[in-house]
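Chain letters run A, B, ... following the sequence lines, proteins first and then strands; every chain starts at 1. Atom set for the values below is all heavy atoms of this structure, side chains included, hydrogens, waters and symmetry mates excluded.
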Protein chains: 2
Amino acid sequence: MSNSSVTVLPLADEAVAPCCPPLTERPLDAEEAERAAQMFKALGDPVRLRLFSLVASHEGGEACVCDISDVGVSQPTVSHHLKKLKEAGLLTSERRGTWVYYRVAPSVLAAMGRLLTARART
Amino acid sequence: MSNSSVTVLPLADEAVAPCCPPLTERPLDAEEAERAAQMFKALGDPVRLRLFSLVASHEGGEACVCDISDVGVSQPTVSHHLKKLKEAGLLTSERRGTWVYYRVAPSVLAAMGRLLTARART
DNA sequence: TTCCTGCATCGACAGACGTCGAATCAGAGG
DNA sequence: CCTCTGATTCGACGTCTGTCGATGCAGGAA
């Protein structure tokens with residue numbers, strides 16, 4: 001089941017895309033908002049959110065397309081959504097033989113989590 | 001400027017909308033994905049994200065519409081987006097005299113942040 | 001009352017988006 | 001070679017969405 005060869009993600013110091021400060025810290029400017037909104041938008045579709053969750057929670061940190069295709073839409077649509085998630089920088093893909101494996105891009109969760117960090121009340 | 005009469009939010013124990021488990025914990029089902037995606041979608045527009053950030057980072061935790069209307073779109077459009085954010089449960093509004101004040105709905109940041117919590121690798 | 005200002009709603013429009021079936025590409029295996 | 005299977009791309013369709021100007025509504029001030 002679980003791939004025992006999976007190691008802890010590198011998670012290098014720079015691996016974190018420093019998109020933006022927390023939403024509560026200061027107003028985002030137009031450029032920051034554009035970038036951050038792109039990530040939120042990618043997760044703003046139920047099917048994509050399920051796909052992302054399926055990949056993120058899958059054993060070994062990766063999932064074959066064939067493993068996550070039961071979300072109620074056709075297979076081309078699944079592929080379309082996975083592409084969107086990849087373009088948004090949320091997933092990465094790798095072909096190994098017949099199958100294509102997707103995994104969560106490193107540091108994405110941390111970056112988005114930081115965006116939603118509540119500030120301490122002054 | 002900042003309203004000194006503003007008190008700490010109640011933040012009742014139930015105030016936290018327990019939308020969903022972290023995306024990395026288990027796959028979201030269709031229902032959970034629908035609800036969570038609605039929030040992400042609301043933040044998936046650059047203008048809305050800026051408006052949310054403007055409110056979230058404003059002194060006193062609230063902002064008058066007139067204070068956050070410089071985002072490059074017309075006034076009706078700003079109103080439209082604020083309504084969307086309210087419908088998504090991310091903002092609340094209150095009219096006081098001539099002005100309408102928006103503030104971040106309690107616990108929303110925490111709830112979304114928890115969704116993006118990375119699981120500890122087993 | 002009348003006027004003015006801040007904000008919301010309405011109606012319309014162009015563009016973006018999600019979905020599908022059909023076709024195409026990429027490997028594995030015979 | 002050919003064939004089969006997994007996955008992507010293509011083309012088309014209907015729907016949703018962001019934007020605007022015009023209009024309407026609520027409160028304060030004269």
_Nearest 0.5 angstrom please: B/Leu85 CG to B/Leu91 CG, how far?_
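Reported to 0.5 Å precision, the distance equals 5.0 Å.
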Could you check how far [atom1] of [X] sits from [atom2] of [N], rounded to whole Å?
| X | N | atom1 | atom2 | answer |
| --- | --- | --- | --- | --- |
| B/Gln75 | D/dA22 | CD | P | 14 Å |
| A/Glu94 | D/dT8 | CD | P | 13 Å |
| A/Phe40 | D/dT17 | CZ | P | 18 Å |
| B/Leu85 | C/dA8 | CG | P | 12 Å |
| A/Asp70 | D/dG6 | CG | P | 13 Å |
| A/Arg95 | D/dT8 | CZ | P | 8 Å |
| B/Tyr101 | C/dG6 | OH | P | 12 Å |
| B/Asp67 | C/dC7 | CG | P | 8 Å |

N or O in side chain of [X] less than 4.0 angstrom from [N] OP1/OP2:
| X | N | value |
| --- | --- | --- |
| B/Ser79 | C/dA8 | yes |
| B/Lys41 | C/dC17 | no |
| A/Arg48 | C/dG18 | yes |
| A/Lys83 | D/dT9 | yes |
| B/Ser74 | D/dC20 | yes |
| B/Tyr102 | C/dA8 | yes |

Counting any heavy atom closer than 4.0 Å, what does [X] reach on the DNA or RNA strands: base, sugar-phosphate only, or nothing?
| X | value |
| --- | --- |
| B/Thr77 | base |
| A/Lys86 | nothing |
| B/Val47 | sugar-phosphate |
| A/His81 | sugar-phosphate |

Side chain proximity check, [X] to [Y], heavy atoms < 4.5 angstrom:
| X | Y | result |
| --- | --- | --- |
| B/Tyr102 | B/Thr92 | no |
| B/Glu34 | B/Gln38 | no |
| B/Leu54 | B/Val71 | yes |

*Relative to the 5' end of DNA chain C, which residue comes earlier, B/His80 or A/Val73, by the nucleotide with the nearest heavy atom?*
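Its nearest nucleotide being more 5', the pick is B/His80.
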*Using the closest heavy atom to pick a nucleotide of DNA chain C for each, name whichever of A/Gly44 or A/Thr98 lands nearer the 5' end.*
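Result: A/Gly44.
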*If you check every side-chain atom of A/Val65, which of D/dG18, C/dG6, D/dT8 has the closest atom?*
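Closest nucleotide among those given: D/dT8.
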*Taking only the side-chain heavy atoms of A/Val100 (C-beta and beyond), determine which of C/dG18, C/dA8, D/dA7 contains the nearest atom.*
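For the A/Val100 side chain, the nearest candidate turns out to be D/dA7.
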*Indicate yes or no: does B/Arg96 engage B/Glu62 in a salt bridge with an N to O separation below 4.0 Å.*
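B/Glu62 and B/Arg96: salt-bridged.
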*Heavy-atom count around A/Asp29 CG within 6.0 Å, excluding the residue itself: above 12?*
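Buried by this count: over 12 neighbours within 6.0 Å.
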